[in-house]
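Counting starts at 1 for both ligands and their atoms, in listed order.
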Amino acid sequence: MSTVAKNTPILVQKYGGTSVATAEHIRRVAKRVTAEKRKGKAVVVVVSAMGKTTDELIALSSEISGKPPRREMDMLLHAGEIISASLLAIAIEEEGESAVSLTGSQAGMITDESHMQARIEQVEGERILRHLTKGRVVVITGFQGVSRQNEITTLGRGGSDTSAVAFAVGIGAGQCEILTDVDGVYTADPRIVENPQKLPWCSYDEMLEMASLGAKVLHSRSVEIARKFEIELIVSSSVEQTPGTLVCSSQKGRKEFGEMEEVLIRGVAHNADVAKVSLLGVADKPGVAGDVFAALGKHQLNILLIVQAESHEGHNDISFLVPSEMLNQVEGDLESLAGQTGAQKVHIDRDVGTVSVVGEGVQREAGIAGRMFKALAAEGINIDLISTSNLMISCVVPQDCLEKAVQAVHREFLE
Ligand code: ADP
Ligand code: ASP
Ligand code: MG
């Protein structure tokens, strides 16, 4: 097993799509990476596809097919990251440092076989470490891996963050920098609220909730892996060298940034990319909910929220949210599910979104829910469904009110 010399710090950086959108951006990243290398660090860089490449590839495929095979979509989409990684390696060589680009497969990212939503099984860091010991900057394609049957897979949209953290684990780095088009994690999406505050730190648990509830600054699975393997994440700007936000354990965060201990609500997250499915009038008997969600489970669907209404005359209504991009996969099943469960109607609503508050205060302080619902009501926003846990309260609202909802809730708790 190769190891990097003991006194050589390892730096793992991930650059997102907007940060490598053009040749000029790539040259800028190469300069930054080279400067780090020249400080004596062993540098691994994980990149996303350039700009909107992944969206463009998906659009191209949909010109040809409404339901392209998922395996072929992985073959198509993984090409995006190969372009940016090889260009970055070329740019680093131009700066006078030695660099090598590797695909996810070449770099040792082993996944299961679920195309477009693959789960990481193992990262074999050996090949990366071998290049590092030879003094090369290693540039790796984000968002992709290979199954044990040698099939190319991708990890799901936004998955390059997850690749970066997994590679950090695989080579024994304790930290991973996620460099993006914002200079940290804010109390809400800075594109939507006027006065968001940058968080100096955020606990793994809170960040995981924020990301799962739509704060796409981090892919939620990257936070899960970071928490499990205690990798500290630093979210910061890919352009300016600012301190950014540290995502770490709450013990460490509290100790280093003591003043944040009493924070009630850490942030507001929103998600417009959801659809609500309602099975109306299903039979009220044991096993029905199990049948419904077992049938959906085989699509590896990430069900975001489930609400079952009170029984009425031997029937129930079951509503749940799914990511809208996955809806067409399950639509066929929904019809047959309706038949099996005796549902009188299936209703799909794409014009919804969720607004959520996240923070330890949700559990600690009474009255958070009331304040949130009142803030929404004051704007005339109707709440469709509500879900809570000890770290969050989430409301389904009409999509055309979503931005107003985020602003109102942010004003209530964080301004
Ligand atoms: P990348 O291409 O670098 O992966 P993303 O577009 O996936 O970048 O994520 C960065 C974006 O996340 C920001 O431009 C911002 O609009 C959005 N975002 C959503 N919620 C937050 C938040 N709480 N803090 C910072 N950014 C957020
Ligand atoms: N390129 C992929 C996407 O656009 C992965 C990523 O950027 O993280 O979803
Ligand atoms: Mg991203």
Side-chain angles (χ1 to χ4, degrees), residues 13-21 25 29 45-59 73-74 76-85 104 116-118 140-145 153-166 176-193 195-202 206-223 233 235-239 242 244-245 247 265-273 323 325 353-359 402-403 406 409-410 414:
Q13 292 190 323
K14 178 257 171 178
Y15 291 88
T18 39
S19 311
V20 292
H25 284 83
V29 170
V45 187
V46 175
V47 284
S48 289
M50 295 170 73
K52 301 238 167 286
T53 302
T54 310
D55 291 332
E56 286 158 14
L57 293 173
I58 292 173
M73 287 307 288
D74 275 352
L76 176 66
L77 298 188
H78 96 296
E81 269 70 9
I82 295 178
I83 296 170
S84 49
M116 297 181 78
Q117 204 49 260
I140 313 175
T141 54
F143 161 70
Q144 60 181 258
T153 54
T154 64
L155 308 183
R157 297 303 308 270
S160 296
D161 300 334
T162 298
S163 300
V165 180
C176 178
E177 296 184 1
I178 305 288
L179 303 173
T180 181
D181 59 1
V182 275
D183 64 351
V185 179
Y186 280 76
T187 47
D189 188 339
R191 285 175 211 251
I192 292 196
V193 302
N195 296 307
Q197 306 295 316
K198 185 160 93 180
L199 301 174
W201 78 284
C202 184
E206 288 167 322
M207 193 63 236
L208 186 54
E209 285 290 352
M210 294 263 285
S212 308
L213 293 165
K216 70 171 182 157
V217 62
L218 282 174
H219 195 235
S220 62
R221 285 160 56 195
S222 71
V223 187
L233 301 179
V235 180
S236 189
S237 161
S238 63
V239 182
T242 49
T245 300
V247 182
I265 295 300
R266 190 75 71 187
V268 178
H270 73 283
N271 192 352
D273 302 321
E325 57 168 2
T354 56
V355 57
S356 315
V357 292
V358 173
L402 189 55
E403 292 201 0
V406 176
V409 174
H410 191 266
L414 294 155

With Pro190, which of Asp183, Val182, Asp181 fulfils side-chain contact (heavy atoms from CB on, under 4.5 Å)? Val182

Is [X] close enough to touch ligand 1? Criterion: a residue heavy atom under 4.0 Å from a ligand atom.
{"X": "Gly158", "result": "no"}
{"X": "Gly184", "result": "yes"}
{"X": "His219", "result": "no"}
{"X": "Gly267", "result": "no"}
{"X": "Gly17", "result": "yes"}

Check step by step if side-chain contact (heavy atoms from CB on, under 4.5 Å) holds for Ser48 and Lys14. CA-CA 8 Å; Ser48 289; Lys14 178 257 171 178; 3.7 Å; yes

Is there side-chain contact between Thr242 and Lys198, with at least one heavy-atom pair below 4.5 Å? yes

Between OH of Tyr15 and CD of Glu177, what distance do you get to the nearest 0.5 Å? 7.5 Å

Would you give the length of the straight line joining atom OG1 of Thr153 to atom CG of Leu77, rounded to the nearest 0.5 angstrom?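 Between Thr153 OG1 and Leu77 CG, I get 11.5 Å after rounding to 0.5 Å.
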
Does ligand 2 have an atom that lies less than 4.0 angstrom from a heavy atom of Gly159?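 The answer is yes: ligand 2 sits under 4.0 Å from a heavy atom of Gly159.
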
Please state which part of [X] comes within less than 4.0 Å of ligand 1, counting heavy atoms only: side chain, backbone, both or neither.
{"X": "Lys216", "value": "both"}
{"X": "Lys14", "value": "side chain"}
{"X": "Val182", "value": "side chain"}
{"X": "Pro190", "value": "side chain"}

Between Arg266 and Cys202, what is the shortest heavy-atom contact and its length? CG-SG, 4.1 Å

Check each atom of ligand 1 against the heavy atoms of [X] and keep those under 4.0 Å away; list them by number with element.
{"X": "Asp181", "value": "10 (C), 11 (C), 13 (C), 14 (O)"}
{"X": "Tyr186", "value": "22 (C), 23 (N), 24 (N), 25 (C)"}
{"X": "Ala215", "value": "20 (N)"}
{"X": "Val185", "value": "24 (N)"}

What residue and heavy atom of the protein are closest to [atom], and at what distance?
{"atom": "atom 6 (C) of ligand 2", "answer": "Ser160 OG, 3.3 Å"}
{"atom": "atom 27 (C) of ligand 1", "answer": "Val217 CB, 3.7 Å"}
{"atom": "atom 1 (P) of ligand 1", "answer": "Thr180 OG1, 3.6 Å"}
{"atom": "atom 14 (O) of ligand 1", "answer": "Arg191 NH2, 2.6 Å"}

Does ligand 2 come near enough to Asp161 that some N or O of the ligand is less than 3.5 Å from an N or O of the residue?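 N/O-N/O distance below 3.5 Å does not exist for this pair.
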
Evaluate Gly158 for polar contact with ligand 2, using N/O atom pairs at a separation under 3.5 Å. yes

Suppose I only count heavy atoms of [X] and a 4.0 Å limit; which atoms of ligand 2 are within that range?
{"X": "Arg157", "answer": "3 (C), 4 (O), 9 (O)"}
{"X": "Thr54", "answer": "1 (N), 2 (C), 3 (C), 4 (O)"}
{"X": "Ser48", "answer": "6 (C), 7 (O), 8 (O)"}

Going by atom types alone, do His410 and Thr187 pair a side-chain donor with an acceptor below 3.5 Å? yes

Spell out, as yes or no, whether a donor-acceptor pair under 3.5 Å connects the side chain of [X] to the backbone of [Y].
{"X": "Ser222", "Y": "Thr162", "answer": "no"}
{"X": "Thr245", "Y": "Leu199", "answer": "yes"}
{"X": "Glu209", "Y": "Val358", "answer": "no"}
{"X": "Arg157", "Y": "Glu325", "answer": "no"}
{"X": "Asp74", "Y": "Met116", "answer": "yes"}
{"X": "Thr154", "Y": "Phe143", "answer": "no"}

Counting heavy atoms only, name the option from Glu81, His78, Lys52, Met50 that's nearest to atom 1 (N) of ligand 2. Glu81

Nearest neighbour of atom 19 (C) of ligand 1 from the list Thr187, Leu213, Asp189, on a heavy-atom basis: Asp189

Ion pair present between Lys216 and Asp161, side-chain N to carboxylate O less than 4.0 angstrom? no

Check the pair Leu233, Met207 against side-chain contact (heavy atoms from CB on, under 4.5 Å), reporting the backbone distance first and the verdict last. CA-CA 10 Å; Leu233 301 179; Met207 193 63 236; 5.8 Å; no

